Each structure stands twice: as C-alpha cells, then as structure tokens.
2 protein chains.
Amino acid sequence: MHSFTEENYLKTIYHLSQFTASPVQTNAIADGMKTRPASVTDMLKKLSDKQLIDYIKYQGVTLTEKGKTTAVGIVRKHRLWEVFLVEKLKFKWDEVHDIAEELEHINSALLVERLDEFLGFPKRDPHGDLIPDQNGFFEPVQNIHLHEMSCGNKGVIIGVSEYSSAFLKHLERLGLTIGIIIEIKEIADYDGSVELLVDGRKINVSREVTQHILINYK
Amino acid sequence: MHSFTEENYLKTIYHLSQFTASPVQTNAIADGMKTRPASVTDMLKKLSDKQLIDYIKYQGVTLTEKGKTTAVGIVRKHRLWEVFLVEKLKFKWDEVHDIAEELEHINSALLVERLDEFLGFPKRDPHGDLIPDQNGFFEPVQNIHLHEMSCGNKGVIIGVSEYSSAFLKHLERLGLTIGIIIEIKEIADYDGSVELLVDGRKINVSREVTQHILINYK
DNA sequence: AAAAAATTTTAGATTTGTCTAAACATACAA
DNA sequence: TTGTATGTTTAGACAAATCTAAAATTTTTT
Ligand SMILES: [Mn+2]
Ligand SMILES: [Mn+2]
Ligand SMILES: [Mn+2]
Ligand SMILES: [Mn+2]
C-alpha cells in the first residue's frame with residue numbers, strides 16, 4: 001500500500017493537472033503540499049519508481065494510469081466522506097474539508113462501496129464537486145466560473161473552487177449557496193466586481209468571489 | 001497532537017493494564033504492538049517525556065491521568081466506529097475491527113460527539129465491549145468469563161474478549177452471539193471442554209472458546 | 001548466595017520524509 | 001548569444017520509528 005504522504009502527493013498532482021495539459025511542475029507541487037521543492041524531487045523519484053507517475057528530470061510529471069486511478073480513488077473517498085459529514089452528521093459545508101482530508105486515507109474498498117450505498121450514491125459533494133463512480137468515471141458536465149460570464153447571463157450555482165471556511169461562510173452570508181439561480185446585472189470596469197440578481201435582490205460581489213463560484217451552463 | 005504510533009502504544013498499555021494492578025512490562029507491550037522490546041523502550045522514553053506514562057527503568061509502566069484519558073478517548077472512537085460499521089453500513093461483527101483500528105485515529109472531537117449522537121448514544125460495541133462516555137466513564141458492570149462458571153450456572157452472553165475474524169465466525173456458526181442465554185450442563189475433566197444448553201439444544205465448546213466469551217453475571 | 005534464565009536497555013544501523021544550502025538546467029531578455 | 005532570473009536537483013543533515021546484537025539488570029533456580 002501507499003503511505004498517506006504518497007497519497008497526498010498523488011492527489012495534489014491530480015488536482016494540479018486538471019488545469020493544464022502540460023506536465024505538473026515541481027514548484028507547483030511544493031506549493032500544493034506546503035513543502036519544499038527538494039522534498040518534492042525526492043518523492044517524485046519514489047513515485048516514479050512505483051510507476052505512479054511519468055517523470056523526466058526538469059520536465060515535470062504526469063500521472064500514469066495507475067497513478068490516476070489511485071488519485072481518483074482518494075478523491076472519491078474524500079467527497080463521499082464529505083457528503084456523510086454534511087448529510088448524516090449535520091456538519092456545515094465549511095467544516096468538513098479537514099476531516100475528509102484524514103478520512104480519505106482509510107483503506108477499505110468495501111467501506112467505500114458501503115458508504116456510497118448508505119448515502120444513496122450521491123453525484124456531488126457538499127461543494128458541488130463531482131463524485132467519481134466505483135470505476136473512476138465522472139459524469140460529464142459543463143461548468144463555467146462566474147467571472148467568465150457576461151452581462152445578462154443567467155445560471156445556477158453548481159459548485160465552488162475554493163474550500164476555505166472563510167470563503168464558504170462568506171458565500172453563505174451572501175446567500176450564494178448551491179442550487180441558487182443568479183443573473184448578471186452589471187460588471188464594474190473599475191475592479192471587476194459584479195452585481196447579481198438573486199431571488200429578486202441585488203447583490204454585489206468582488207471579482208475574487210466570482211473566480212471561485214461555478215455556474216451550471218447549458 | 002500524538003502520532004498514530006504513540007496512540008497505539010497508549011491503547012496497548014491501557015488494555016494490558018486492565019488485567020493486572022501491577023505496571024505493564026516491556027515484553028508484553030512488544031507482543032501487543034507486534035514489535036521488538038528495544039523499540040518499546042525507545043517509545044516508553046518518549047511517552048514518559050510527554051508525561052503520558054510513569055516509567056521506571058526495568059520496572060514497567062503505568063498510564064498517567066493524561067495518558068489514560070488519551071487512551072480511553074481512542075477506545076471510545078474505536079468502539080463507536082465499530083457500531084457505525086455494523087449498524088449503519090451492514091458490516092458483520094467479525095469484519096469491523098481492522099477498519100476501526102484506522103478510524104480510531106481520526107482527529108476531531110466534534111466528529112466523535114456527532115457520531116455518538118447519530119448512533120443514538122450506544123452503550124456497547126458489536127463485541128459487547130462498553131463504550132466510555134464523553135468524559136471517559138464506563139457504566140459499571142460485572143462480567144465473568146464462561147470458563148470461570150460452574151455446572152448448573154446460567155447467564156447471558158454479553159461480549160467476547162477475542163476479536164479475530166476466525167473466532168467470531170466460529171461463534172456465529174455455533175449460535176453463540178450476544179444476547180443468547182446459556183446454561184452450563186457439564187464440564188469435561190479431560191480437556192476442560194464445556195457442554196452448554198442453548199435454546200433447548202446441547203452444544204459442545206472447547207476450553208479455548210470458553211476463555212473468550214463474557215457472561216453477564218448477576 | 002551464586003549461577004542461570006528471563007527481561008530490559010543501550011549502541012549502532014536503517015527507512016521514510018523532511019529540511020537548507022549549493023549546484024545545475026532551462027527560459028527569457030538584453 | 002551571453003547574462004540573468006527562475007526553476008529544479010543534489011548533497012548532506014535531521015527526526016521519527018524501527019531493527020539486530022550486545023550489555024545490563026532483575027528474577028528464578030540451584
Ligand atoms: Mn474537501
Ligand atoms: Mn469537497
Ligand atoms: Mn475492535
Ligand atoms: Mn469491539
């Protein structure tokens with residue numbers, strides 16, 4: 001089996017490779033893992049030996065099929081546990097991430113499948129992130145970040161791309177939670193802040209906020 | 001916080017000190033932890049530095065109040081998770097121990113209390129072991145091992161003191177599960193095996209088995 | 001009470017994951 | 001195309017947890 005550390009590296013590499021097609025760089029991984037580039041290099045050698053990543057010195061890394069499968073499995077566990085915490089134990093959506101960071105490493109295939117069943121095979125976690133199925137497949141959907149939309153566009157909030165408690169509590173205070181319908185009324189030239197129409201009310205949010213809200217776009 | 005390893009040592013010392021009033025010995029801990037006496041000595045120094053145990057060279061160890069509180073907290077989590085696995089996820093009683101060994105290290109006080117509530121504040125785990133409350137208190141009860149009883153005695157199976165899958169499956173095949181009423185019909189001089197009356201049927205069990213069944217004795 | 005046996009501790013290595021500082025490689029700019 | 005900045009790797013050290021082999025202590029037996 002893999003150590004917690006190895007699993008966390010794989011997950012970090014997986015998430016970083018979502019944004020670009022090109023190989024993931026050492027410094028980016030160091031940032032994501034809150035460690036030093038030299039430590040990353042050490043671990044990359046180890047993961048490469050285990051055939052979990054393709055690694056060429058100075059050129060960055062990509063996950064192998066084996067590595068990707070492992071990473072997606074961890075993501076699946078993380079998101080299922082988050083659903084459990086919110087749906088069954090009444091945690092708030094801003095309280096579950098850190099606990100799920102621990103629970104995602106619990107090692108039992110049977111446990112994951114029983115948990116999935118117990119939760120009613122949920123499709124998304126409390127932050128709107130898709131939960132891969134047992135085979136690692138994601139339901140295809142097209143999301144767009146709020147800041148990529150134009151004046152007059154409408155949509156439904158389907159998720160977030162930032163999980164800090166501070167951010168999630170802020171959204172809640174604004175009434176911007178998953179499932180809410182929004183319409184863009186105005187985008188300020190000055191600072192990129194956006195005026196939204198939400199449930200008949202007008203709300204102003206900073207560009208910062210719009211960059212972390214995902215909209216279901218059809 | 002404490003490492004998984006430190007927590008496992010504390011739990012092992014706690015369980016070993018249940019049997020005797022005298023300090024727990026290095027070799028016993030090594031057995032329990034499936035490690036070497038030399039490794040135990042190293043860890044005892046560390047736990048002593050952290051004031052989790054009282055340790056005198058060559059004289060064995062006892063848990064301090066701080067150490068006992070920590071150990072009981074881990075036991076509480078272990079048993080609550082076992083209840084969760086059996087009651088909510090439909091695991092069998094012989095399948096849950098290893099998973100609970102991992103889950104018991106998840107670090108969130110809120111999680112434990114929410115889980116307890118979700119499970120309806122259970123008093124015992126699937127093996128009949130008492131679950132300490134939030135303050136580490138156990139409901140007082142008097143158990144006795146089946147092999148300590150005499151001919152003609154009656155009682156209710158209230159728990160086990162051995163958790164291997166092989167043993168638990170064996171009990172299930174014999175119909176000897178928690179809540180079952182038994183009466184001792186005969187104890188063989190030759191090998192200490194016991195004939196039990198269970199639900200009108202006569203059942204023969206080895207001394208080995210009788211040493212690991214707990215009976216509610218009033 | 002001395003010898004033998006059992007138990008425990010120390011000494012010295014090893015593995016995993018981390019770090020800093022210095023060397024090396026690549027990208028990009030003058 | 002040479003120099004500089006950025007990014008990455010190596011070298012060497014360190015802490016945690018483990019191990020084997022040898023030394024030290026305690027307990028048991030004679
Ligand atoms: Mn999360
Ligand atoms: Mn999430
Ligand atoms: Mn157990
Ligand atoms: Mn149990």
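This one's a predicted model, so the numbers in the text were calculated from it and none came from an experiment.
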Between [atom2] on [N] and [atom1] on [X], what's the gap in Å once rounded to a whole number?
X: B/Met43; N: C/dT8; atom1: CE; atom2: P; result: 17 Å
X: A/Arg36; N: C/dC19; atom1: CZ; atom2: P; result: 7 Å
X: B/Asp42; N: D/dC19; atom1: CG; atom2: C1'; result: 10 Å
X: B/Phe4; N: D/dT18; atom1: CZ; atom2: P; result: 14 Å

Sub-4.0 Å heavy-atom contacts from residues 6-33 of chain A onto DNA chain D, ordered by number: A/Gln25, A/Thr26, A/Asn27

Close approaches to DNA chain D from residues 67-75 of chain B, in residue order (heavy atom, under 4.0 Å):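 Close to the strand, none.
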
With [X], which residues qualify under salt bridge (charged side-chain N to carboxylate O under 4.0 Å, His left out), at least two apart?
X: A/Glu101; result: A/Lys11
X: A/Glu6; result: A/Lys46, A/Lys50
X: B/Lys66; result: none
X: A/Glu113; result: A/Arg76

Qualifying salt bridge (charged side-chain N to carboxylate O under 4.0 Å, His left out) pairs with a residue from residues 29-38 of chain A, counting only residues at least two apart or across chains: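 For residues 29-38 of chain A, and leaving out neighbouring residues, there are no salt bridge (charged side-chain N to carboxylate O under 4.0 Å, His left out) pairs at all.
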
Per-pair distances, 0.1 Å, donor-acceptor, side chain in residues 167-174 of chain A, under 3.5 Å, sequence neighbours excluded:
residue, atom, partner, partner atom, Å
A/Glu172, OE1, A/Trp93, NE1, 3.0

Partners passing side-chain contact (heavy atoms from CB on, under 4.5 Å) against A/Lys92 (at least two apart in sequence or in another chain):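 side-chain contact (heavy atoms from CB on, under 4.5 Å) list for A/Lys92, sorted by chain: A/Asp94, A/Glu95.
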
With sequence neighbours excluded, residues passing side-chain contact (heavy atoms from CB on, under 4.5 Å) with A/Lys88: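 If we apply the side-chain contact (heavy atoms from CB on, under 4.5 Å) test to A/Lys88, skipping adjacent residues, the hits are A/Phe84, A/Phe118, A/Leu119, B/Phe118.
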
Under-4.0 Å side-chain N/O to phosphate OP1/OP2 contact, [X] with [N]:
X: A/Thr41; N: D/dT8; value: no
X: A/Thr35; N: C/dC19; value: yes
X: B/Lys45; N: C/dT10; value: yes

pair A/Leu176-A/Ile157: side-chain heavy atoms closer than 4.5 Å: yes

B/Thr5 and B/Glu7: side chain donor to acceptor below 3.5 Å: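 No, because no side-chain N or O of B/Thr5 sits under 3.5 Å from a partner of the opposite role on B/Glu7.
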
Sugar-phosphate only, base, or nothing, as touched by A/Thr5 at under 4.0 Å among non-hydrogen atoms: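 A/Thr5: backbone/sugar contact only, no base atoms under 4.0 Å.
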
Where at least one partner belongs to residues 8-43 of chain B, residue pairs that pass ring-ring contact (aromatic ring centres under 6.0 Å, His included), sequence neighbours excluded: none

For DNA chain C, the residues among residues 47-62 of chain B that have a non-hydrogen atom under 4.0 Å from it: B/Tyr55, B/Lys57, B/Tyr58

